[in-house]
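Below: one structure, written as structure tokens.
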Amino acid sequence: MSDIAAAFAQHEITPKIIENAPKQKLHLCWDGIQVEPGMTLQVRNLKNAPRWALPGADPESIYTVLMIDPDNLSRKNPSVAEWLHWLVCNIPASNIIDGINGGQHQMAYGSPAPGPRTDLHRYVILMWEHQGRRISVPKPSSRAKFNVKQFIEKNKLGDPIAGNFFLAQHEG
């Protein structure tokens with residue numbers, strides 16, 4: 001089992017949120033901080049969308065990235081989970097290779113803002129590759145109650161090729 005798969009399983013992201021862990025780590029950088037799976041970040045460093053990189057991205061492919069909080073309102077009471085923080089579809093490979101935030105922004109980046117007394121939240125960022133085909137994804141009407149498994153099935157995406165996640169909590 002790879003390190004990324006072990007981290008996803010340890011934090012109960014697999015198989016509850018997605019069936020199988022991604023094969024590789026999505027390199028994420030928020031305010032100069034390189035994200036390692038499961039690390040805790042300060043909410044104040046998450047105001048702007050991260051930069052990402054995927055070494056070895058196929059120059060012929062098209063990609064989709066999303067970010068969710070499966071612990072909204074809290075891990076004990078995930079009543080509006082999965083909260084969709086970000087959804088970018090049909091990202092050209094050149095954008096992935098150059099670390100450019102391009103593609104169709106179906107849900108603009110919404111920075112994490114866990115509520116007081118809701119403990120740690122997991123923030124999961126996943127990337128799919130859909131070779132030679134674009135996907136048609138309507139803009140979600142709400143950030144609340146997004147379902148990654150349904151999204152994968154509806155768009156025939158299969159397992160994510162890359163992913164990462166971090167933890168954050170309210171800073172009071």
Side-chain angles (χ1 to χ4, degrees), residues 1-28 30 35-41 49-50 52-58 60-91 93 95-96 103-107 109-110 112 114 118-168:
M1 185 184 288
S2 72
D3 290 348
I4 189 93
F8 269 63
Q10 178 188 348
H11 286 271
E12 299 176 349
I13 296 165
T14 55
K16 190 173 177 197
I17 298 161
I18 55 173
E19 288 299 322
N20 299 301
K23 300 275 185 279
Q24 56 184 314
K25 180 176 81 172
L26 182 61
H27 294 266
L28 294 169
W30 258 281
V35 177
E36 290 301 325
M39 74 187 290
T40 300
L41 294 175
W52 70 59
L54 183 66
D58 180 344
E60 302 297 313
S61 276
I62 299 168
Y63 297 85
T64 290
V65 169
L66 65 71
M67 176 176 156
I68 58 156
D69 172 358
D71 304 322
N72 198 346
L73 293 169
S74 70
R75 194 145 176 192
K76 288 189 182 97
N77 176 23
S79 58
V80 293
E82 299 158 355
W83 189 264
L84 182 63
H85 279 275
W86 199 22
L87 177 59
V88 187
C89 300
N90 301 315
I91 306 165
N95 288 173
I96 301 291
Q104 294 174 322
H105 287 254
Q106 299 303 87
M107 183 61 78
Y109 177 76
T118 61
D119 232 358
L120 283 169
H121 289 234
R122 297 166 294 172
Y123 293 91
V124 183
I125 302 94
L126 301 168
M127 176 182 279
W128 289 268
E129 177 178 9
H130 29 106
Q131 291 185 301
R133 71 179 177 98
R134 298 171 67 79
I135 59 173
S136 179
V137 177
K139 287 187 186 282
S141 57
S142 165
R143 291 184 187 271
K145 298 184 188 261
F146 188 81
N147 184 308
V148 173
K149 284 183 178 174
Q150 283 178 1
F151 177 78
I152 291 169
E153 196 174 299
K154 184 173 187 293
N155 294 290
K156 299 177 177 61
L157 294 174
D159 293 332
I161 61 157
N164 207 331
F165 69 98
F166 62 89
L167 310 172

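Separating the CE atom in M107 from the OG atom in S142 is a distance of 6.5 Å, to the nearest 0.5 Å. To the nearest 0.5 Å, atom CD1 of residue I91 and atom CD of residue Q104 are 9.5 Å apart. Atom CD1 in I62 sits 11.0 Å away from atom CD1 in I96 (nearest 0.5 Å). Atom NZ of K154 is separated from atom CG of N147 by 12.5 Å, given to the nearest 0.5 angstrom. With rounding to the nearest 0.5 Å, the separation of CH2 in W83 from NE2 in H121 is 11.5 Å.
Contact annotation: the side chain of L87 approaches that of T64 to within less than 4.5 Å [non-hydrogen atoms, C-beta and beyond]. Proximity of I17 to I68: side-chain heavy atoms (C-beta onward) are separated by under 4.5 Å at one or more points. The shortest distance between side-chain heavy atoms of P55 and H27 falls below 4.5 Å. No side-chain heavy atom of L126 sits less than 4.5 Å from a side-chain heavy atom of F151. Using a 4.5 Å heavy-atom cutoff, the side chains of N155 and W128 are not in contact. Between I13 and I18, the closest side-chain pair of non-hydrogen atoms falls below 4.5 Å.
The minimum heavy-atom distance linking G158 with I152 is given by the pair O-CG2, 3.3 Å. Contact record, P160 with N20: CD-O, 3.9 Å, taken as the closest heavy-atom pair. Scanning both residues, N164 and V35, for their nearest heavy atoms gives ND2-O, 3.1 Å. What you find for P112 and M67 is that their closest heavy atoms are CG-CE, 3.7 Å. When all heavy atoms are compared, the tightest approach of P37 to K25 is CD-CD, 3.7 Å. Heavy-atom minimum distance, W30 versus A49: NE1-C, 4.1 Å.
Under the salt bridge (Lys or Arg N to Asp or Glu O under 4.0 Å) criterion, R122 pairs with D71, not counting sequence neighbours. For D69, there are no salt bridge (Lys or Arg N to Asp or Glu O under 4.0 Å) partners two or more places apart in sequence or in a different chain. Under the salt bridge (Lys or Arg N to Asp or Glu O under 4.0 Å) criterion, K149 pairs with E19, sequence neighbours left out. Listed by chain and number, the residues in a ring-ring contact (aromatic ring centres under 6.0 Å, His included) with Y63 amount to none (sequence neighbours excluded). In terms of the salt bridge (Lys or Arg N to Asp or Glu O under 4.0 Å) criterion, R134 has no residue partners (sequence neighbours excluded).
Judged by distance alone, with hydrogens and angles left aside, the side-chain atoms of N90 form a donor-acceptor pair with the main-chain N or O of I135 at under 3.5 Å. In this structure a side-chain-to-backbone donor-acceptor pair under 3.5 Å is missing from E129 to I161.
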Side-chain donor/acceptor pairs under 3.5 Å, residues 72-80, sequence neighbours excluded:
residue	atom	partner	partner atom	Å
S74	OG	K76	N	3.4
S74	OG	N77	N	3.0
R75	NH2	E12	OE1	3.0

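The only option from Y109, F165, Y123, F146 that meets the ring-ring contact (aromatic ring centres under 6.0 Å, His included) definition with H85 turns out to be Y123. For the side-chain contact (heavy atoms from CB on, under 4.5 Å) test with S61, the passing option among H130, R133, Q131 is Q131; the others fail.
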Exercise for the section: For side chain to side chain contact (heavy atoms under 4.5 Å, CB included), just list the numbers for I4 and Q24, CA-CA rounded to whole Å, side-chain angles, deciding distance to a tenth of an Å, and then say yes or no. Expected result: CA-CA 7 Å; I4 189 93; Q24 56 184 314; 6.0 Å; no
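Aromatic ring orientation, H105 versus W86: tilted (interplanar angle from 30° to 60°).
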